There are 2 protein chains.
Amino acid sequence: MARDRSLPRRATIHDVAAVSGISRGTVSRVLNGEPYVSDRAREAVEAAVREVGYVRNTAARNLVTQRSGAIALIVHEPHSLVLEDPNIGNILLGTNAVLSEADYQMVTLILDSVRDSERVAEYLRGGFVDGAIILSARVGDPIALAVAELGIPAAFVGHPPNAPEIPFIGIDNLSAAREITTRLVDTGRTKIGMVAAALDRDSGQDRLAGFIEALGKQFNPSLVVDYPLYAYDTGAEGMRELLRREPAIDGVFAASDAVAAGAMDVLRDAGRSVPGDVGIVGFDDSSWAIRCHPMLSTVRQPAYELGRQAALQVLNQLRGGPRPSGGTLLQTEVVWRDSA
Amino acid sequence: MARDRSLPRRATIHDVAAVSGISRGTVSRVLNGEPYVSDRAREAVEAAVREVGYVRNTAARNLVTQRSGAIALIVHEPHSLVLEDPNIGNILLGTNAVLSEADYQMVTLILDSVRDSERVAEYLRGGFVDGAIILSARVGDPIALAVAELGIPAAFVGHPPNAPEIPFIGIDNLSAAREITTRLVDTGRTKIGMVAAALDRDSGQDRLAGFIEALGKQFNPSLVVDYPLYAYDTGAEGMRELLRREPAIDGVFAASDAVAAGAMDVLRDAGRSVPGDVGIVGFDDSSWAIRCHPMLSTVRQPAYELGRQAALQVLNQLRGGPRPSGGTLLQTEVVWRDSA
DNA sequence: TTGTAAGCGTTATCAA
DNA sequence: TTGATAACGCTTACAA
């Protein structure tokens with residue numbers, strides 16, 4: 001990190017005060033639109049501000065006010081997958097809508113390496129943000145720990161297992177998975193498998209648990225394969241493996257729509273018809289779902305709302321509200337289309 | 001924006017100095033690993049740091065050092081589309097790799113509203129970042145202007161028309177478009193259309209210009225439709241319109257792979273075979289390209305490298321290097337598959 | 001309504 | 001090698 005002090009020095013309140021002939025205190029009051037300033041003073045200050053091209057140094061202001069006006073949105077994903085996850089975009093959107101409305105700047109911090117984690121922790125400690133929203137935290141996430149330790153207002157989107165006492169906003173992955181798997185059973189499928197993913201996250205674990213619950217004694221562990229990522233390739237590989245293990249497989253729960261898309265392409269190549277030979281369901285109701293042929297039955301996540309509520313939760317803590325110890329689970333909705 | 005000062009007061013250098021019996025100056029030296037400190041002093045300070053649980057207040061440090069150790073990555077997109085663009089992820093990845101290596105924190109600022117723009121401009125002025133990388137700037141982008149005015153080290157990814165004098169890293173959209181369109185001509189297509197998009201950006205404009213150049217006098221303006229976004233829906237709508245205008249159309253250049261995917265689905269529904277009846281090419285070489293049936297011929301963008309170079313450019317300016325007035329265009333590569 | 005002055009938590013300068 | 005002390009640019013009592 002190097003320094004470049006060749007930039008022209010920026011005007012400060014001192015300059016404005018000098019030029020306008022008004023004291024720094026009053027200049028500050030004018031700048032902040034506070035009452036108890038005469039029109040004369042205000043005008044003189046405003047003229048001086050224009051004259052010297054003054055812009056506020058927020059870093060200095062932060063130092064004294066002890067706040068930054070920024071809130072971190074921490075995304076914990078291998079970078080290239082940030083864009084693959086259809087939910088993150090909508091969560092971002094919901095969060096930003098609320099934060100923007102409250103005049104907070106949302107700053108997104110993306111991290112996938114240990115080095116990134118340490119730097120982000122340092123950044124959070126540095127007073128750059130007044131609060132944090134943490135997406136897709138993993139088990140034992142160091143950033144989650146750092147945030148908890150710092151004690152700044154925070155919320156999780158999702159519900160990391162063994163998480164520190166930070167409130168969360170999530171969906172009931174288990175119930176949703178149970179419900180959509182039940183459909184497979186009800187339509188007479190008897191050899192039902194699952195391509196699971198992301199078992200290091202609550203969402204991955206809970207979807208698997210729901211699948212198992214729905215099948216009850218019909219559950220066959222050898223018909224479950226799992227991979228690290230919610231990705232198209234996961235679905236493709238997983239489906240090939242499942243077909244190998246049980247050529248007569250007739251039902252598949254894919255841990256996400258992207259996974260389902262990969263699985264469907266493999267099924268087609270293997271000469272299986274959907275939903276004729278194999279019924280398949282996904283999770284997310286992302287753009288993948290409607291681009292599949294046939295279109296995918298899946299679970300709709302209220303991603304935008306998740307982002308909104310997490311932001312509201314942080315804002316509430318910022319306003320001195322309590323930090324709830326538990327969390328909130330939002331409703332999901334099963335969308336029935338043609339794949340099962 | 002509210003304040004919550006009920007947090008426990010954090011220990012400062014004063015506390016460390018008091019507890020260790022060492023002056024603030026020396027404490028600061030120890031903390032920054034500077035030379036000229038005795039082992040005795042160092043140990044005393046380190047013990048005191050642990051005892052009082054001291055962590056540095058970066059805001060205060062920034063005030064005096066005039067730097068933040070953070071660099072903004074500004075993404076100018078309608079939020080939900082951030083995730084649709086296959087390049088952004090890789091650009092992020094490349095940028096972060098370089099910045100992380102140099103120990104800078106990358107903070108991503110996403111904006112789509114005017115309100116967002118103003119807040120981000122304010123944020124940039126606030127001294128929160130030492131430099132900025134601007135993605136997908138539009139014509140007359142207010143943030144680009146703000147950055148230029150601020151005079152902080154900066155670079156564009158892409159080459160906005162009429163951009164302020166900020167260096168850019170981009171690709172030669174025009175040549176690439178010309179090259180891939182030529183393929184359509186060379187394979188004997190005679191009624192060639194284009195589904196253009198994002199004409200408010202350099203990429204959109206240049207791809208259209210390349211298309212026009214490649215066709216020469218064969219160019220037929222009525223076979224060009226254009227839409228605001230590089231999106232699947234753009235391709236679907238655009239293809240329907242093109243078929244309406246010219247049912248015998250036999251070649252299509254889609255402004256991006258997502259657009260091409262939408263167009264291909266419409267072609268299929270309309271009973272046209274690809275590449276038999278219609279040859280089609282895209283742009284990006286994103287995951288869309290290999291999920292199409294048949295797989296898409298397209299242009300590969302060095303997105304990761306774009307991000308890398310933009311970051312290097314900013315770092316170089318930060319180190320006092322010159323701010324070049326022009327830009328750099330990276331090579332693209334045409335990937336021939338089965339769609340044309 | 002305004003000016004003065006004391007911080008905010010660091011780093012940096014300069015004697016000692 | 002160390003300790004005072006003056007910045008950094010701003011807000012905020014408090015006094016006038």
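All chains are named by letter (A, B, ...) in the order of the sequence lines, taking the proteins before the strands, and each is independently numbered beginning at 1. Here the structure is a predicted model, which means the values were calculated and not measured.
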If you look at every heavy atom in A/L315 and A/A102, which pair is closest and at what distance? CD1-CB, 3.7 Å
With sequence neighbours left out, write down each residue that passes side chain to side chain contact (heavy atoms under 4.5 Å, CB included) with [X], or none if nothing qualifies.
X: A/E101; value: B/R115
X: A/A48; value: A/V16, A/V19, A/S20
X: A/A97; value: A/Y304
X: A/S23; value: A/T26

Quick check on the helix from C/dT1-D/dA16 to C/dA16-D/dT1: what's the angle between its two end axes, five base pairs per end, to the nearest 10°? 40°
Per [X] side chain, nearest of listed nucleotides [options]:
X: B/S38; options: D/dT2, D/dG3, D/dG9; answer: D/dT2
X: A/S23; options: C/dG3, D/dC10, C/dT10; answer: C/dG3
X: A/T65; options: D/dT11, D/dC10, C/dT10; answer: D/dT11

Summary of ring pair (Phe, Tyr, Trp, His ring centres under 6.0 Å) pairs that have at least one residue in residues 117-146 of chain B, sequence neighbours excluded: B/Y123-B/F128
Can you tell me which residue pairs pass the ring pair (Phe, Tyr, Trp, His ring centres under 6.0 Å) test with a partner in residues 16-50 of chain A, sequence neighbours excluded? none
Residues of residues 24-37 of chain B with any non-hydrogen atom less than 4.0 angstrom from an atom of DNA chain C: list those, numerically ordered, please. B/R24, B/G25, B/S28, B/R29, B/N32
Pull out every residue in residues 48-56 of chain A that has a heavy atom closer than 4.0 Å to any atom of DNA chain C, ordered by number, or say none. none
Of all residues at least two apart in sequence or in a different chain, which pass the ring-ring contact (aromatic ring centres under 6.0 Å, His included) check with A/F156? none
Show me the pairs that pass salt bridge (Lys or Arg N to Asp or Glu O under 4.0 Å) and involve residues 17-32 of chain B, at least two apart or across chains. none
Roughly how many Å is it from NE2 in A/H14 to P in D/dA6, rounded to a whole number? 14 Å
Can you measure B/D15 atom CG to C/dG9 atom C1' for me and round it to whole angstrom units? 10 Å
Contacts satisfying side chain to side chain donor-acceptor pair (under 3.5 Å) that involve residues 50-61 of chain A (not counting sequence neighbours) are A/N32-A/R56, A/N32-A/R61
